[in-house]
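Scroll down for the structure; my scribbles are underneath it.
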Amino acid sequence: AQMLRFFLLTLVFVVGCGGASAPGGKLPVPEQSTTVGPGDVFEVNLVGEKDLPKEYRVQPDGSIDFPYIQRVMVAGLEPQDITSLIKQKLVEAKILRDPQVSIVVKQYNSKRVTIIGQVQKPGSVPWNDGMKLVDAISMAGWFTPLAASSHVILTRVSKSGKSTTINVSVDKITNSNQPDIPLQTNNTIKIEQKIFS
């Protein structure tokens with residue numbers, strides 16, 4: 001009996017620590033990409049320069065216009081890379097010797113999550129770092145009365161191109177019976193209609 005109890009406790013521990021699994025299948029851990037692209041908005045703080053504009057939107061060609069150094073190509077760069085680039089260009093232009101620059105991305109408009117089916121506003125919403133499934137559905141105006149909220153289909157494509165689809169009960173998430181699911185850019189969420197018999 002002691003051996004059986006040890007086996008069951010071990011099994012509960014192993015199953016309980018799965019982490020990446022979700023009802024209906026195993027979803028890969030989200031691959032977060034924080035590179036900026038056209039339409040993204042970020043804030044630049046340059047210490048000692050209070051009169052400079054703070055907010056910048058990446059143009060369709062992937063650039064921003066920054067005071068003193070004009071056009072800077074930022075598309076495809078991580079925020080810390082943009083910080084380094086702005087510092088380097090300010091030093092090269094002999095504007096500042098040791099500029100203190102920091103960047104905070106406000107909106108990732110170039111990265112989207114698509115929500116289709118039985119929501120009030122189907123379409124795509126901007127992804128942001130830390131976004132979860134319930135956040136995305138809320139941004140789409142929540143479910144319609146016909147939505148099958150206990151059978152939400154979430155599809156994730158990895159960088160290697162492998163597609164994984166799982167079935168999620170948002171009812172269980174909102175009732176605190178299941179953790180919410182972190183999203184990555186380009187996830188697709190499909191909400192089907194309830195089946196009436």
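Everything numeric in this text was worked out from a predicted model, so none of it was measured.
Residue Val113 is tested with Gln184, Met131, Met139 for a side chain to side chain contact (heavy atoms under 4.5 Å, CB included); the sole match is Met131.
At distances below 3.5 Å, not a single donor-acceptor pair connects side-chain atoms of Asn177 with backbone N or O atoms of Lys172. Judged by distance alone, the side chain of Gln178 and the main-chain N or O of Ser176 form no donor-acceptor pair under 3.5 Å. Counting only distance, with no hydrogens or angles, the side chain of Lys106 and the backbone of Asp40 share no donor-acceptor pair below 3.5 Å. Between the side chain of Glu192 and the main chain of Lys190, no donor-acceptor pair closer than 3.5 Å is present.
Considering all non-hydrogen atoms of both residues, Ile69 and Ala93 come closest at CG2-CB, 4.3 Å. Between Tyr56 and Asp65 the shortest heavy-atom distance is CE2-O, 3.4 Å. The two residues Pro145 and Gln120 come nearest to each other via the heavy atoms CD-NE2, 4.4 Å. Nearest heavy atoms, Ser110 versus Val36: OG-C, 4.5 Å. Contact between Asn167 and Ser150 at its shortest, heavy atoms only, is OD1-O, 4.3 Å. Looking at every heavy atom in both residues, Pro79 comes nearest to Ile103 through O-CD1, 3.9 Å.
A side-chain donor-acceptor contact under 3.5 Å links Asp61 and Ser63. Side-chain N/O atoms of Thr155 and Thr165 include a donor and acceptor closer than 3.5 Å. In the model, Asn45 has a side-chain atom that pairs as donor or acceptor with a side-chain atom of Lys54 under 3.5 Å.
Within the 4.5 Å cutoff, the side chain of Val44 has heavy atoms near those of the Val101 side chain. Looking at heavy atoms from C-beta onward, Ile189 lies out of side-chain contact with Ile116 at the 4.5 angstrom threshold. Contact check for Leu154 versus Thr188: no side-chain heavy atoms found under the 4.5 Å cut-off. For the pair Val134/Val170, a side-chain contact is recorded, criterion being any heavy-atom separation below 4.5 Å from C-beta on. At least one side-chain heavy atom of Thr35 sits under 4.5 Å from a side-chain heavy atom of Lys111.
Linking Ile, Leu, Val, Met, Phe, Trp and Tyr whenever their side-chain heavy atoms come within less than 4.5 Å puts Leu85 and Ile95 in one cluster. Taken together through direct or relayed side-chain contacts under 4.5 Å among Ile, Leu, Val, Met, Phe, Trp and Tyr, Phe42 and Leu52 form part of one hydrophobic cluster. With hydrophobic clusters built from ILVMFWY side chains whose heavy atoms lie under 4.5 angstrom apart, Val72 shares a cluster with Leu96. In terms of hydrophobic clustering, with Ile, Leu, Val, Met, Phe, Trp and Tyr side chains grouped at heavy-atom distances under 4.5 Å, Ile153 and Ile173 are assigned to different clusters. In this structure, Tyr68 is a member of the same hydrophobic cluster as Ile64, with clusters built from ILVMFWY side-chain heavy atoms closer than 4.5 Å.
If you take CG on Asn186 and OG on Ser158, they are separated by 12.0 Å, rounding to the nearest 0.5 Å. Here the OG atom belonging to Ser102 is positioned 12.5 Å from the CD1 atom belonging to Ile82, to the nearest 0.5 angstrom.
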Report all side-chain donor-acceptor pairs from residues 122-129 shorter than 3.5 Å, counting only partners two or more places apart or in another chain.
residue: Ser124; atom: OG; partner: Arg112; partner atom: NE; Å: 3.2
residue: Ser124; atom: OG; partner: Arg112; partner atom: NH2; Å: 3.4
residue: Trp127; atom: NE1; partner: Leu183; partner atom: O; Å: 3.2

Asn187 vs Thr114, test: side-chain contact (heavy atoms from CB on, under 4.5 Å). Steps then yes/no. CA-CA 6 Å; Asn187 276 170; Thr114 302; over 6 Å; no
Candidate pair Lys89 and Gln70, rule side-chain contact (heavy atoms from CB on, under 4.5 Å), full reasoning: CA-CA 10 Å; Lys89 289 197 173 279; Gln70 305 311 317; over 6 Å; no
As a quick check of understanding, evaluate side-chain contact (heavy atoms from CB on, under 4.5 Å) for Gln100 and Asp98, giving each step before the final call. CA-CA 7 Å; Gln100 301 301 308; Asp98 185 23; 3.4 Å; yes
Verify side-chain contact (heavy atoms from CB on, under 4.5 Å) between Val41 and Val105, making sure each step is shown before the conclusion. CA-CA 6 Å; Val41 177; Val105 178; over 6 Å; no
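Salt-bridge annotation for Lys94 and Glu92: absent, with no side-chain N of the basic residue lying under 4.0 Å from a carboxylate O of the acidic one.
For residues 140-163, no pair satisfies ring pair (Phe, Tyr, Trp, His ring centres under 6.0 Å), with sequence neighbours left out. Sorted by first and then second residue, the side chain to side chain donor-acceptor pair (under 3.5 Å) pairs involving residues 74-87 (not counting sequence neighbours) are Thr34-Glu78.
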